[in-house]
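By convention here, the first residue in the shown sequence is residue 1.
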Amino acid sequence: HMFNLSVSPPQLEVILKPGTTITQAYRVTNNSDQTIFLHTSIKPWIPTDTTGSLTYQDIIPNPHIHFSLSNTDLRLGQTFRIPPRSHRQLVLKIKTDSNTPLHDSYHTFFISQADVGVAAYNKPINQAQIGTHILISPSQKEAPSTNAHISNFFVEPKIKDSFFSR
């Protein structure tokens, strides 16, 4: 079975006041010629260095942030199918408690191939999955103030316009 799946948007960054709920629609597209069976999950992660590396190992989920699907016929972890060359909209609901600490939380919304059927004991099961990162920044303000500024700006190399300059 060929796993050829795409998800959009690939990343979500939200600033949420504690005690609020948002929803985000994801479009999951089966680009293959076969029906695929999938399920969803959310996993927390933390950055491990400044190069973009991260780890899912031993991360305790933030108990103040709750995830669910708003789809009427589907819940997180439940298997669903997408026919060949078609798509499905998944609506993720993110809810924060009123006492959510004001620090960033990182998660991945995974869409994974489901175990459908029984595999032979000597045939390994390769589980394909795709994920979209979610950064949640709880804040008491809608738009936190930024104090970044440009202290020095220059362009190299200097280019002279020989056609239009006089």
Side-chain angles (χ1 to χ4, degrees), residues 3-32 36-83 86-116 125-155:
F3 186 82
N4 188 348
L5 199 65
S6 59
V7 62
S8 178
Q11 182 172 303
L12 174 67
E13 295 180 28
V14 290
I15 298 168
L16 278 181
K17 283 190 172 183
T20 58
T21 301
I22 63 149
T23 57
Q24 172 66 49
Y26 289 92
R27 182 183 173 110
V28 182
T29 305
N30 177 3
N31 303 303
S32 76
I36 53 175
F37 292 87
L38 305 165
H39 64 87
T40 55
S41 61
I42 299 278
K43 287 194 178 145
W45 56 270
I46 55 167
T48 55
D49 56 31
T50 57
T51 66
S53 298
L54 57 94
T55 184
Y56 293 96
Q57 302 298 319
D58 305 318
I59 308 303
I60 297 165
N62 184 331
H64 302 283
I65 299 175
H66 311 280
F67 297 92
S68 60
L69 288 179
S70 287
N71 298 57
T72 55
D73 61 336
L74 199 58
R75 63 184 190 281
L76 275 174
Q78 182 180 343
T79 300
F80 64 99
R81 63 187 273 280
I82 303 180
S86 64
H87 66 272
R88 172 86 194 251
Q89 179 173 283
L90 301 177
V91 181
L92 186 66
K93 185 163 119 179
I94 304 169
K95 180 179 184 290
T96 57
D97 294 342
S98 57
N99 58 343
T100 302
L102 303 180
H103 59 78
D104 292 348
S105 271
Y106 306 94
H107 300 83
T108 302
F109 179 38
F110 280 112
I111 296 123
S112 308
Q113 206 168 8
D115 291 322
V116 176
I125 299 173
N126 291 329
Q127 289 299 115
Q129 69 180 5
I130 189 169
T132 168
H133 288 315
I134 302 169
L135 165 61
I136 301 168
S137 298
S139 173
Q140 294 298 346
K141 299 176 186 166
E142 289 294 317
S145 58
T146 57
N147 50 7
H149 65 281
I150 298 170
S151 58
N152 197 356
F153 182 81
F154 59 93
V155 178

A.B. asks: Run the ring-ring contact (aromatic ring centres under 6.0 Å, His included) test against Y26 and tell me which residues pass, sequence neighbours left out.
C.D. replies: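 Once residues adjacent in sequence are excluded, the partners of Y26 under the ring-ring contact (aromatic ring centres under 6.0 Å, His included) criterion are F109.
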A.B. asks: Please report the interatomic distance CD1(I59) to NE2(H107), rounded to the nearest 0.5 Å.
C.D. replies: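 Nearest 0.5 Å value for the CD1-NE2 distance: 10.5 Å.
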A.B. asks: H133: what forms a ring-ring contact (aromatic ring centres under 6.0 Å, His included) with it, not counting sequence neighbours?
C.D. replies: W45
A.B. asks: Please lay out, stage by stage, how L76 and F67 fare under the test side-chain contact (heavy atoms from CB on, under 4.5 Å).
C.D. replies: CA-CA 8 Å; L76 275 174; F67 297 92; 4.0 Å; yes
A.B. asks: I'd like to check the side-chain contact (heavy atoms from CB on, under 4.5 Å) partners of P61; sequence neighbours left out, ordered by chain and number.
C.D. replies: P44
A.B. asks: Donor-acceptor pairs under 3.5 angstrom involving side-chain atoms of residues 5-16: please list them, not counting sequence neighbours.
C.D. replies:
residue, atom, partner, partner atom, Å
S6, OG, N31, ND2, 3.4
Q11, NE2, E13, OE2, 2.8

A.B. asks: If you round to the nearest 0.5 Å, how far is CD1 of I136 from CD1 of I22?
C.D. replies: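 Output value for this atom pair is 7.0 Å.
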A.B. asks: Could you tell me the separation between the NZ atom of K141 and the CG atom of L102, rounded to the nearest 0.5 Å?
C.D. replies: 11.0 Å
A.B. asks: List in chain and number order the residues that pass side-chain contact (heavy atoms from CB on, under 4.5 Å) with T51, two or more places apart in sequence or in another chain; answer none if no residue qualifies.
C.D. replies: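 Per chain and number, T51 pairs via side-chain contact (heavy atoms from CB on, under 4.5 Å) with D49, S53.
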A.B. asks: Looking at CZ of F37 and CD1 of I82, how far apart are the two atoms once the value is rounded to the nearest 0.5 Å?
C.D. replies: 11.0 Å
A.B. asks: Salt bridge (Lys or Arg N to Asp or Glu O under 4.0 Å): which pairs involve residues 50-75, sequence neighbours left out?
C.D. replies: D73-R88
A.B. asks: Start with the C-alpha distance between I94 and Q24, add both sets of side-chain angles, then the distance that settles side-chain contact (heavy atoms from CB on, under 4.5 Å), and finish with yes or no.
C.D. replies: CA-CA 8 Å; I94 304 169; Q24 172 66 49; 5.5 Å; no
A.B. asks: Using the test side chain to side chain donor-acceptor pair (under 3.5 Å), find all partners of H39 that sit at least two apart in sequence or belong to another chain.
C.D. replies: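 In terms of side chain to side chain donor-acceptor pair (under 3.5 Å), with neighbours along the sequence ignored, H39 is linked to no residue.
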A.B. asks: List in chain and number order the residues that pass side-chain contact (heavy atoms from CB on, under 4.5 Å) with T23, two or more places apart in sequence or in another chain; answer none if no residue qualifies.
C.D. replies: S70, V91, K93
A.B. asks: Taking all heavy atoms of I134 and all of L92, pick out the closest pair and write down the distance.
C.D. replies: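 Closest approach of I134 to L92, heavy atoms only: CD1-CD2, 3.6 Å.
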A.B. asks: Would you name the heavy atoms of I36 and S32 that are closest together and state the gap between them?
C.D. replies: CG2-OG, 4.3 Å
A.B. asks: Considering all heavy atoms of both residues, which atom of F80 and which atom of T40 are nearest to each other, and what is their separation?
C.D. replies: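 Nearest pair, atom of F80 first, then T40: CE2-CG2, 4.0 Å.
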A.B. asks: For T108 and F110, indicate whether the former's side chain and the latter's backbone hold a donor-acceptor pair under 3.5 Å.
C.D. replies: no
A.B. asks: What I want to check is whether the side chains of D104 and S137 have a donor and an acceptor closer together than 3.5 Å.
C.D. replies: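 Their side chains do contain a donor-acceptor pair, which is all the 3.5 Å distance test asks for.
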A.B. asks: According to side chain to side chain donor-acceptor pair (under 3.5 Å), who are the partners of S112, at least two apart in sequence or on a separate chain?
C.D. replies: Q129
A.B. asks: Applying side-chain contact (heavy atoms from CB on, under 4.5 Å), can you list everything that pairs with H64, at least two apart in sequence or on another chain?
C.D. replies: N62, D97, N99, T100, P101
A.B. asks: Quick one: CD on Q57 to CD1 on I46, what's the gap to the nearest 0.5 Å?
C.D. replies: 10.5 Å
A.B. asks: Do T96 side-chain atoms and G19 backbone N/O form a donor-acceptor pair below 3.5 Å?
C.D. replies: yes
A.B. asks: About how many Å separate CG of N30 and CG of N4, when rounded to the nearest 0.5 Å?
C.D. replies: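 These two atoms lie 7.5 Å from each other.
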